[in-house]
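One structure is given here, and the rest of the page talks about it.
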Protein chains: 2
Amino acid sequence: MDARTEERTWTVGELAGDLGITTRTLRFYEAEGLITPARAGSNRVYGPREHARMRLILRGRRFGMTLAECREIVDMYTGAESSEQRQLTTLLARLDAIAEDLERRRADLDRTLTEVTDVADQCRNRLTELGLEE
Amino acid sequence: MDARTEERTWTVGELAGDLGITTRTLRFYEAEGLITPARAGSNRVYGPREHARMRLILRGRRFGMTLAECREIVDMYTGAESSEQRQLTTLLARLDAIAEDLERRRADLDRTLTEVTDVADQCRNRLTELGLEE
DNA sequence: CTTGACGTTCACGTTAACGTCAAGCAGGCG
DNA sequence: CGCCTGCTTGACGTTAACGTGAACGTCAAG
């Protein structure tokens, strides 16, 4: 019965619930060419591949990337194995650029984090002072 | 001549150029209550205080915060010294929540970064393979 | 005195990323 | 059978964060 190729599938509603988004978002992303689920008749069928792809996209969104940027990256991921030498080279360049950007963001975030915790510490000190004065 | 209180000032255009944004953005932020520059006649005059405030806001924006969130944070920063005990407590709670969020983002970013560098490494391996085969 | 380069306010336009109906089909259930 | 639930495709509405232009003031240079 070919049981080993039986992969889990999701409907729009299921996947949306699973990912914490709405069905509208899934359909919108499809219209924008970010995902291409299979069809059972007219109904969308999402497989594990689409599930992973969506998680990638959503992570991109969390980092403030536009949908176009998300698509670019996800396409690069999925096309990484099948690429020819020339494409691999340009892909590698893009990946390095992205990594560089991410490291900049990381440094930025670290600075912000220490600043925030510093202010929080000042608050704590001020509070203990106030507590001792009265 | 009270020279020690002479602080550097900027016009809209200067500050915009300095921060890499447009004058429209500065005026918009003012209309939204994020900054309140002084005036020389009808012209806006920005001091070091506004400059720093803007850098804070822009950093918030880089992290994908909305202007409302930026305002909240910046207001908290500047109001940190003058606050009373009750306000300090709620302020501290907010700061801790923000720090927690930032740490989550940081972990997320780290995961992404390692993933990207992993894929890049796979690319490099694949490229050296291709180089050896021919 | 006119020409630019800067500033001002007011107001409508734009884009991304969805939300929100509307109208209709398909299947299961009491 | 009627109803409910969940799917479908449009199509229009919405919000944030500015862009863009109009219409005007002001000051220094030529």
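The analysis underlying the following values was restricted to heavy atoms, covering all of them including side chains, and did not include hydrogens, waters or symmetry mates. So you know, we letter chains A, B, ... as the sequences are listed, proteins then strands, and number each from 1.
Sorted by first and then second residue, the ring-ring contact (aromatic ring centres under 6.0 Å, His included) pairs with a member in residues 8-28 of chain B read B/Trp10-B/His51; sequence neighbours excluded. For residues 51-61 of chain B, every residue pair satisfying the salt bridge (Lys or Arg N to Asp or Glu O under 4.0 Å) rule, not counting sequence neighbours, is listed here: A/Glu115-B/Arg59, B/Arg53-B/Asp75.
Evaluation of the side chain to side chain donor-acceptor pair (under 3.5 Å) rule for A/Thr23 yields A/Arg27 as partners, not counting sequence neighbours. Take A/Thr117 and apply the side chain to side chain donor-acceptor pair (under 3.5 Å) test, not counting sequence neighbours, and it matches no residue. Annotation: side chain to side chain donor-acceptor pair (under 3.5 Å) contacts of A/Asp101 (sequence neighbours excluded): A/Arg105. Considering only residues two or more places apart in sequence or on other chains, A/Asp110 meets the side chain to side chain donor-acceptor pair (under 3.5 Å) condition with B/Arg106.
Shown for residues 54-67 of chain B: residues whose heavy atoms fall under 4.0 angstrom of DNA chain D, namely B/Arg61, B/Thr66, B/Leu67. Contacts between residues 29-38 of chain A and DNA chain C, defined by a heavy-atom separation below 4.0 Å, involve A/Tyr29, listed by number.
A distance of 14.0 Å separates CD in B/Glu14 from CZ in B/Arg44, rounded to the nearest 0.5 Å.
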Would you tabulate the nitrogen or oxygen pairs shorter than 3.5 Å linking the protein to nucleotides 5-8 of chain D?
{"unit_1": "D/dC7", "atom_1": "OP1", "unit_2": "A/Thr11", "atom_2": "OG1", "d": "2.8"}
{"unit_1": "D/dC7", "atom_1": "OP1", "unit_2": "A/Gly13", "atom_2": "N", "d": "3.2"}
{"unit_1": "D/dT8", "atom_1": "OP1", "unit_2": "A/Arg44", "atom_2": "N", "d": "2.9"}
{"unit_1": "D/dT8", "atom_1": "OP1", "unit_2": "A/Arg44", "atom_2": "NE", "d": "2.8"}
{"unit_1": "D/dT8", "atom_1": "OP2", "unit_2": "A/Arg27", "atom_2": "NH1", "d": "2.1"}

Between the protein and nucleotides 19-25 of chain C, list every N/O to N/O distance that falls short of 3.5 Å.
{"unit_1": "C/dG19", "atom_1": "OP2", "unit_2": "A/Thr22", "atom_2": "OG1", "d": "2.8"}
{"unit_1": "C/dG19", "atom_1": "N7", "unit_2": "A/Arg24", "atom_2": "NE", "d": "3.0"}
{"unit_1": "C/dG19", "atom_1": "O6", "unit_2": "A/Arg24", "atom_2": "NH2", "d": "3.0"}

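Side-chain contact check for B/Leu109 versus B/Thr112: every heavy-atom pair is 4.5 Å or farther apart. Side-chain contact between B/Tyr29 and B/Met54 is present, with heavy atoms from C-beta onward closer than 4.5 Å.
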For residues 32-41 of chain A, which side-chain N or O atoms pair as donor and acceptor with protein atoms under 3.5 Å away, sequence neighbours left out?
{"unit_1": "A/Arg39", "atom_1": "NH1", "unit_2": "A/Ser42", "atom_2": "O", "d": "2.7"}
{"unit_1": "A/Arg39", "atom_1": "NH2", "unit_2": "A/Glu30", "atom_2": "OE2", "d": "3.0"}

**Watson-Crick or G-U pairs under 3.5 Å in DNA chain D, rendered as dot-bracket with [ ] for crossing pairs and | for another strand** = ||||||||||||||||||||||||||||||
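When rounded to the nearest whole Å, the span between CG of B/Leu26 and C1' of D/dA17 equals 14 Å.
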